[in-house]
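Comments concern the structure below.
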There are 2 protein chains.
Amino acid sequence: MEQIESKQDTKKLILDAAEQVFAREGFHNASLRTITGEAGVNLAAVNYHFGSKTALLEAVFDRHLIPLNRLRKERLEYVREVAREEGHSPRVDDILRAVIEPTLTFREAGPGAEAFITLVGRALSEPSETAQQIFMHHMQPLFVLAHEMLKEALPNLPASDLFWRLQFAIGTMSHTMRMYGKFLPVPEGVAPDADTESLIEMMIRFLTAGMEAA
Amino acid sequence: MEQIESKQDTKKLILDAAEQVFAREGFHNASLRTITGEAGVNLAAVNYHFGSKTALLEAVFDRHLIPLNRLRKERLEYVREVAREEGHSPRVDDILRAVIEPTLTFREAGPGAEAFITLVGRALSEPSETAQQIFMHHMQPLFVLAHEMLKEALPNLPASDLFWRLQFAIGTMSHTMRMYGKFLPVPEGVAPDADTESLIEMMIRFLTAGMEAA
DNA sequence: GTCTATAGATTGATAGAC
DNA sequence: GTCTATCAATCTATAGAC
């Protein structure tokens, strides 16, 4: 029992530290010594519990991205279902909200969740192909579903425009997830630190207008 | 004369290769061995001609980002000047076009320019603080100018909204610059490879609608 | 200016004692 | 499961011959 608890503790300590360090420094830049140092565990523990640095990144993604994507998928399918029952196409802002709201709300669960969202925001610009593949393996079904639903919502938009507008929205979301909470004092007295709820509404308003543009 | 030409050739070969490798693999992930290997020059040549890996990145940015930013600044100031002469605020789409058009048009100058634009798109998500600082040193004046002009164009928009909408637009641009030309075959037969001119118009339409949203 | 050779540091991974 | 010690590979940077 103590052994099992100890094992779980060490694994969790490593996952928590890896989340922070991968988010802060990127996959290749993050060293196992930094991670185990911040976790307060021995260097060899990573390879004992996870097997390799790549497998550790995989475990970090698995822990939170699987439930987060399940939630986002359920919310998308709920939007689709309600629209079908009411006999109309899904609304663009409902689709966007189904993706954005769980994402930025999840971030508020604590410092680990905040690091995780930063990590996800960084994932698409990771130079490591391995990291890219691990991430896209999780994300592709969600992208496909969102793409399909936006096609229903915007039936008159040419396929190429739809594809690119979805990319534009992904770029906005990634950047925001990476930058939110990281702005240093800004010279002109602007107020970048909106609360999460306001930020969600600002993003949905911005992206809905962009998606629905003539 | 031959010595000078040879020196310039080696420097240029290194700059060209570094541009490609930094864009492809990120700053920390890119090794001087890969760069000098692709350049076909000796490993020690980097430190002879540039001093350090950091100084090499600085030189890569300097070579194209200084003229590109001068052009974008001139185009922004021209928009501002014309609007003042005509007695109205600058238009949002003109501001966006002044930034986007030179950027994506520059990319068409050749494979080096294409890599450079990818590198710039990647810069904001570089984990290396050094790389960030080098990049922001070039970009901050342009961001400030664009921010000021958007404030003139959207005088009724609260400061916090304006700040975040500018961030959303920066996210869209960075992502597009990184991804453009890099899409593998997509399952559903969408047509992601729009020509540059169409892409510019799509971005301006999308971002203008987002910036001007209620 | 260009090269070889190498210093000196850091990395991911593992063997083997406990 | 956890630890020390270490291997083998990689990295940036430089010294010194040519």
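Throughout, a chain's letter reflects where its sequence line sits, starting with A, and its residues are numbered from 1.
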Under the salt bridge (charged side-chain N to carboxylate O under 4.0 Å, His left out) rule, what pairs show up with a residue in residues 53-70 of chain B, not counting sequence neighbours? B:Asp16-B:Arg63, B:Glu19-B:Arg63
Would you say CZ of A:Phe143 has more than 12 non-hydrogen atoms from neighbouring residues, nucleotides or ligands within 6.0 angstrom? yes
Measuring only between side-chain heavy atoms, which start at C-beta, is A:Ile100 closer than 4.5 Å to A:Leu207? yes
I'd like to check A:His28 versus B:His28 (side-chain heavy atoms, cut-off strictly below 4.5 Å). Are they in contact? yes
Counting primed atoms plus P, OP1 and OP2 as sugar-phosphate and everything else as base, spell out the protein contacts along nucleotides 7-18 of chain C at 4.0 Å heavy-atom distance: B, S or - for each nucleotide, 5' to 3'. ----BBBB----
Tell me if the centroids of the rings in A:Phe106 and A:His64 come within less than 6.0 Å of each other. yes
Take atom NZ of A:Lys11 and atom P of D:dT2, then tell me their distance rounded to the nearest Å. 11 Å
How long is the line joining CG of B:Leu56 and C1' of D:dC11, in whole Å? 15 Å
